[in-house]
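Just so you know, residue 1 is the first one in the sequence shown, and it goes up from there.
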Amino acid sequence: MQEDESSFHLEGVCDVVLYLVREVWHAPSWLHSMLCCAKLLGQNTLEAFLDSFLCGKLEIVLREDYVVDIIHLLRDTLFFDEDPPRTPEQIQERSEETLQELIGFPPHIVAKLLGEDNYHEGMTTIFEALQHPELNQHLFFLLVDLIVNEVFPEVEKDSQR
């Protein structure tokens with residue numbers, strides 16, 4: 001993680017985790033120091049594992065029969081969604097349920113290490129950050145752009161001309 005006066009440049013999963021631990025969860029300094037040491041020892045292994053894991057999952061998802069299913073699912077969701085709009089109560093109920101699922105996702109030891117209050121506050125902050133429609137739309141378009149450039153590399157080459 002390279003740090004200058006005004007911003008951070010995060011390189012890889014380990015840097016993102018360290019940033020979240022320090023800035024969002026306000027972890028104790030001893031834990032942050034331990035994670036920095038663990039990063040030095042295991043960063044390459046973790047990054048290689050995640051790269052291999054994600055490549056394997058992408059190979060499965062990008063098989064022709066899955067791509068057809070995904071396209072049909074997107075088409076049906078975007079153009080033929082006949083479900084009635086959710087009521088404010090349903091939206092609130094789903095939001096609370098999703099927040100509880102997010103809080104319960106990591107193993108309980110994570111909350112113990114970070115401190116229960118810091119953990120809940122940090123998870124709530126992350127959850128609320130993902131509730132802005134404009135940011136989600138931007139994130140979605142960014143991901144679609146990355147996927148299109150990965151699946152069709154010639155598109156990126158044409159746009160650079």
Fill in: Option among Leu35, Val16, Leu113 that satisfies the side chain to side chain contact (heavy atoms under 4.5 Å, CB included) test with Val21
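Only one of Leu35, Val16, Leu113 forms a side chain to side chain contact (heavy atoms under 4.5 Å, CB included) with Val21, namely Leu35.
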
Item to complete: State the CG-CD1 distance between Leu114 and Ile109, to the nearest 0.5 angstrom.
Response: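 One gets 10.0 Å once the value is rounded to the nearest 0.5 Å.
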
Worksheet entry | From CG (Asp51) to CG (Asn44), nearest 0.5 Å |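 It comes to 12.0 Å.
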
Discussion item. Atom CD of residue position Glu116 - does it have more than 12 heavy atoms of other residues, nucleotides or ligands inside 6.0 Å?
Written reply: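 Atom CD in Glu116 is crowded, with more than 12 foreign heavy atoms closer than 6.0 Å.
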
Worksheet entry | Distance, nearest 0.5 Å, that separates CD1 of Ile103 from CD1 of Ile126 |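 Those atoms lie 10.5 Å apart.
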
Discussion item. Return the CG to CG distance between Leu130 and Leu99, rounded to the nearest 0.5 Å.
Written reply: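 It is 11.0 Å, given to the nearest 0.5 Å.
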
Practice prompt. Please tell me if the side chains of Phe53 and Lys57 come closer than 4.5 Å, counting only heavy atoms from C-beta onward.
Written response: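 Side-chain contact under 4.5 Å: yes.
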
Discussion item. Quick one: does any side-chain atom of Ser95 pair with a main-chain N or O of Ile91 as donor and acceptor, under 3.5 Å?
Written reply: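 No: the side chain of Ser95 does not pair with the backbone of Ile91.
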
Item to complete: Keeping the roles fixed (side chain from Tyr119, backbone from His108), state whether a donor-acceptor pair exists under 3.5 Å.
Response: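 No.
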
Item to complete: Output the distance between atom CD (Gln43) and atom CG (Leu18), rounded to the nearest 0.5 Å.
Response: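 Those atoms lie 8.5 Å apart.
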
Discussion item. Other residues, nucleotides and ligands only: do more than 12 of their heavy atoms fall within 6.0 Å of NE2 on His138?
Written reply: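 No.
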
Practice prompt. Can you see which heavy atom on Gln90 is nearest to which on Pro85, and at what distance?
Written response: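 Scanning both residues completely, I find the closest heavy atoms to be OE1-O, 4.4 Å.
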
Practice prompt. For residues Leu74 and Ile70, determine if any side-chain heavy atom of one lies less than 4.5 Å from a side-chain heavy atom of the other.
Written response: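 Leu74 reaches Ile70 side chain to side chain.
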
Practice prompt. Please check if atom CG in Asp117 has more than 12 non-hydrogen atoms from other residues, nucleotides or ligands closer than 6.0 Å.
Written response: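 At most 12 heavy atoms, drawn from other residues, nucleotides or ligands, come within 6.0 Å of this atom.
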
Discussion item. Starting from Ile71, can I reach Val144 by hopping between I/L/V/M/F/W/Y residues whose side chains sit under 4.5 Å apart?
Written reply: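 Linked, Val144 and Ile71 end up in one cluster.
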
Worksheet item: Do the non-hydrogen side-chain atoms of Asp15 and Lys39 ever get within less than 4.5 Å of each other?
Response: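 In contact.
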
Worksheet item: Heavy-atom distance under 4.5 Å between the side chains of Pro107 and Val110, does that happen here?
Response: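 Heavy-atom side-chain distance check passes, below 4.5 Å.
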
Fill in: Side chain to side chain, Leu73 and Asp69, heavy atoms closer than 4.5 Å
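Counting from C-beta outward, Leu73 and Asp69 never come under 4.5 Å.
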
Item to complete: Could you state whether Val17 and Phe49 fall into the same hydrophobic cluster, counting links through intermediate Ile, Leu, Val, Met, Phe, Trp or Tyr residues with side-chain heavy atoms under 4.5 angstrom apart?
Response: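 Linked within one cluster.
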
Worksheet entry | Whether over 12 other heavy atoms sit under 6.0 Å from Glu47 CD |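 Buried by this count: over 12 neighbours within 6.0 Å.
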
Worksheet item: Is Ile147 linked to Leu139 within one hydrophobic cluster, defined over Ile, Leu, Val, Met, Phe, Trp and Tyr using a side-chain heavy-atom separation of less than 4.5 Å?
Response: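 No; Leu139 is not reachable from Ile147 via cluster members.
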
Practice prompt. Compare all side-chain heavy atoms of His32 with those of Cys36 and state whether any distance is below 4.5 angstrom.
Written response: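 His32 reaches Cys36 side chain to side chain.
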
Fill in: Evaluation steps, side chain to side chain donor-acceptor pair (under 3.5 Å), between Gln100 and Glu96
CA-CA 6 Å; Gln100 291 308 311; Glu96 290 171 5; over 6 Å; no

Worksheet entry | N/O donor-acceptor pair under 3.5 Å between Thr124 side chain and His120 backbone |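 Indeed, once roles are kept as given, a pair shorter than 3.5 Å links the two residues.
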
Worksheet item: Rounded to the nearest 0.5 Å, how far apart are OG1 of Thr45 and CG of Leu50?
Response: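 Rounded to the nearest 0.5 Å, the OG1-CG separation comes out at 11.0 Å.
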
Worksheet item: Heavy atoms, side chains only, cut-off 4.5 Å: are Trp30 and Met34 in contact?
Response: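 They are in side-chain contact.
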
